[in-house]
*Asks:* 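The structure is given below, and queries will be raised subsequently.
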There are 2 protein chains.
Amino acid sequence: MELMATKPRRAPRRTQALSKDVIVRAATELLDAEGENALTLRALTVRLATGYGAIYHHVADRDDLLGAATDDIIGRMVTGLATDAEPRQALRSLALGLFDAIDAHPWAGTQISREPWRPALLDIYESIGRHLRSLQVPERAVPGSAGVLVNYILGVAGQNAANARALADGKTDRSAFLATVATRWAHLDPARYPSLHKAGAHLRDHDDREQFLAGVDLILAGIETVHRPGKDDLP
Amino acid sequence: MELMATKPRRAPRRTQALSKDVIVRAATELLDAEGENALTLRALTVRLATGYGAIYHHVADRDDLLGAATDDIIGRMVTGLATDAEPRQALRSLALGLFDAIDAHPWAGTQISREPWRPALLDIYESIGRHLRSLQVPERAVPGSAGVLVNYILGVAGQNAANARALADGKTDRSAFLATVATRWAHLDPARYPSLHKAGAHLRDHDDREQFLAGVDLILAGIETVHRPGKDDLP
DNA sequence: ACCTGAACACCGTTCAAGT
DNA sequence: ACCTGAACACCGTTCAAGT
């Protein structure tokens with residue numbers, strides 16, 4: 001009758017064994033290509049030619065997967081830094097490295113703060129703390145100062161992630177997006193938003209990355225001013 | 001004839017007319033009571049004794065609702081501040097007000113950066129910009145300085161939101177949670193995380209709010225150091 | 001141990017139909 | 001204009017069954 005047709009054979013078994021690493025890599029590719037919402041379990045099974053259970057055998061749940069992907073990116077970034085630089089320059093390199101990593105993987109920006117006990121955030125704190133000590137920041141001022149830097153970096157990271165989300169919808173590119181925001185600010189009611197109204201004009205030609213680094217320098221200047229070594233260690 | 005039997009009557013009409021305001025208020029109550037995941041359209045229809053369409057008639061979608069609830073909280077906070085304070089103190093009050101608002105409504109912490117064109121963030125930028133001008137920060141340094149403060153505040157806000165999410169699961173309270181984190185840090189491998197290992201001991205008795213304010217002061221010190229009025233306005 | 005995929009318990013959103 | 005609620009098109013996660 002009609003059963004000549006190929007009977008619905010099972011999907012062929014994967015040739016390469018599955019592992020958390022392989023899954024995390026595939027998830028990262030999906031996230032980079034299409035944004036956070038594109039990471040669905042369904043999309044992963046298709047890309048990896050496997051079933052749901054196989055994935056859940058290596059990974060606790062979707063959050064665990066997002067966290068592992070973030071740890072991977074941040075960890076690689078932090079350990080990849082030159083270790084012999086002058087401390088102030090090392091701190092700037094670390095900050096810029098984080099900025100660039102999050103610029104390349106914006107979904108990771110929100111993820112770092114989402115599960116604060118994960119290696120991604122621990123690595124950042126650790127690295128910043130170490131550099132601050134090299135900068136002669138007094139021991140008792142290190143945790144607080146590191147906290148300020150970390151929170152500033154996470155704030156910028158979150159904004160970058162939000163911008164990327166906004167860009168993912170349309171096919172507008174980054175500079176067109178900035179121009180739109182600038183125009184919108186310039187058109188804000190000058191009575192309610194006089195400050196932003198003025199700033200709108202300057203927003204168009206500002207460099208996120210440069211601005212970010214200026215912020216890091218500003219905070220470092222604050223740390224040095226407030227915690228000048230020896231400032232209140234002597235009577 | 002036979003219509004004596006109660007026919008499955010429709011749900012009674014709401015007595016009070018629906019409005020965006022009423023919906024936003026109900027959403028805020030759900031969010032405060034049970035966290036971000038508790039805000040489902042279904043839960044809203046139950047609480048408001050209405051249907052899905054009624055809600056979508058006043059609100060674009062779930063994101064719009066979250067954004068409007070955040071705008072409401074931040075807007076009320078910003079406009080509620082005393083307007084006659086000394087500028088430095090005004091800046092500290094604003095920062096503390098934001099901290100407390102986000103502490104009371106942690107879900108708003110992540111929301112502020114999520115849609116950066118919404119009034120919540122604009123109000124914050126505007127207010128900070130105004131105060132910085134009163135502080136005699138030179139005009140061209142205002143946008144950058146405001147950006148540093150805003151990003152720091154958003155970073156802390158995001159962390160608070162993450163902590164609240166972690167607390168929502170179990171019934172652990174805040175100090176127990178901090179103690180857990182402190183213990184975990186203290187137990188970290190001292191070889192990989194020497195800096196955190198040391199900090200773990202101090203984490204237990206630190207006051208988030210106080211630490212946050214110290215961070216604001218540190219950044220203000222940085223702004224004053226880097227942009228001392230007249231510093232490079234004169235030749 | 002490792003994997004498959006149907007089934008379950010949810011979501012946000014739409015829309016023809018009601019008042 | 002304002003509202004109702006069944007229906008649609010998705011989700012993440014589980015689990016009996018396979019190898």
Side-chain angles (χ1 to χ4, degrees), chain A residues 6-27 30-31 34-70 107 110-111 114-115 165 168-169, chain B residues 3 6-28 30-31 34-70 107 110-111 114-115 165 168-169:
Chain A
T6 61
K7 74 172 177 185
R9 51 160 197 240
R10 293 180 149 272
R13 277 219 145 197
R14 297 179 39 79
T15 59
Q16 188 194 15
L18 218 48
S19 69
K20 182 151 181 174
D21 223 68
V22 172
I23 296 173
V24 166
R25 218 188 316 280
L30 275 171
L31 289 161
E34 317 235 29
E36 175 153 358
N37 291 338
L39 179 64
T40 67
L41 273 291
R42 164 87 186 124
L44 260 187
T45 60
V46 171
R47 190 181 191 96
L48 292 169
T50 184
Y52 297 100
I55 292 171
Y56 279 93
H57 189 266
H58 292 279
V59 149
D61 53 24
R62 187 175 180 273
D63 277 350
D64 182 35
L65 191 50
L66 272 165
T70 306
W107 48 271
T110 38
Q111 202 56 36
R114 215 166 190 92
E115 302 197 322
R165 206 175 303 120
D169 293 350
Chain B
L3 288 186
T6 62
K7 73 174 179 187
R9 51 159 197 238
R10 294 180 148 270
R13 277 218 145 195
R14 300 177 38 78
T15 60
Q16 188 196 18
L18 217 51
S19 69
K20 182 151 183 174
D21 222 68
V22 172
I23 297 173
V24 166
R25 218 186 320 276
T28 303
L30 274 172
L31 288 162
E34 317 235 30
E36 174 152 358
N37 291 338
L39 179 65
T40 68
L41 271 292
R42 165 88 186 123
L44 260 187
T45 61
V46 170
R47 191 181 190 95
L48 292 169
T50 184
Y52 297 100
I55 292 171
Y56 279 93
H57 190 266
H58 293 278
V59 150
D61 54 25
R62 188 175 180 273
D63 277 351
D64 182 33
L65 192 50
L66 272 165
T70 306
W107 48 271
T110 38
Q111 202 56 36
R114 214 164 190 93
E115 301 197 323
R165 207 174 303 121
D169 292 351

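Chain A is the first sequence line, chain B the second, and so forth, proteins listed ahead of strands; every chain is numbered from 1.
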*Asks:* Using whole Å, report how far CD1 of A/Ile23 lies from P of C/dC3.
*Replies:* 8 Å

*Asks:* When you look for runs of 3 or more Watson-Crick or G-U pairs in a row, both distances below 3.5 Å, which of them include DNA chain D?
*Replies:* C:4-8 with D:12-16, C:12-16 with D:4-8

*Asks:* Atom CG in B/Leu48, atom CZ in B/Arg25: separation rounded to 0.5 Å?
*Replies:* 11.0 Å

*Asks:* Please check this pair: side chain of B/Arg62 against backbone of B/Leu39, looking for a donor-acceptor N/O pair closer than 3.5 Å.
*Replies:* yes

*Asks:* Go through D/dT13, D/dC3, D/dA6 for me and flag the one nearest to the A/Leu41 side chain.
*Replies:* D/dT13

*Asks:* Can you check the B/Tyr52 OH to C/dA16 C1' distance for me, whole Å?
*Replies:* 17 Å

*Asks:* Can you check whether A/His57 reaches A/Ile23 side chain to side chain, under 4.5 Å on heavy atoms?
*Replies:* no

*Asks:* Enter the distance from A/Leu30:CG to A/Glu34:CD here, rounded to the nearest 0.5 Å.
*Replies:* 7.0 Å

*Asks:* In whole Å, what is the span from the CD atom of B/Glu36 to the P atom of C/dC11?
*Replies:* 14 Å

*Asks:* To the nearest Å, how far apart are A/Arg42 CZ and C/dA7 C1'?
*Replies:* 15 Å

*Asks:* Go through the steps to decide whether A/Leu66 and A/Leu31 satisfy the test side chain to side chain contact (heavy atoms under 4.5 Å, CB included), and finish with yes or no.
*Replies:* CA-CA 9 Å; A/Leu66 272 165; A/Leu31 289 161; 3.9 Å; yes

*Asks:* So do A/Glu115 and A/Thr70 actually touch side chain to side chain, heavy atoms under 4.5 Å?
*Replies:* no

*Asks:* Contact class for A/Leu44 vs. all strands (heavy atom < 4.0 Å): base, sugar-phosphate, or nothing?
*Replies:* nothing

*Asks:* So how far is it from B/Arg165 CZ to B/Asn37 CG, rounded to the nearest 0.5 Å?
*Replies:* 8.0 Å

*Asks:* What parts of residues 53-67 of chain B reach DNA chain D, counting only heavy atoms under 4.0 Å away?
*Replies:* B/Gly53, B/Ala54, B/His57, B/His58

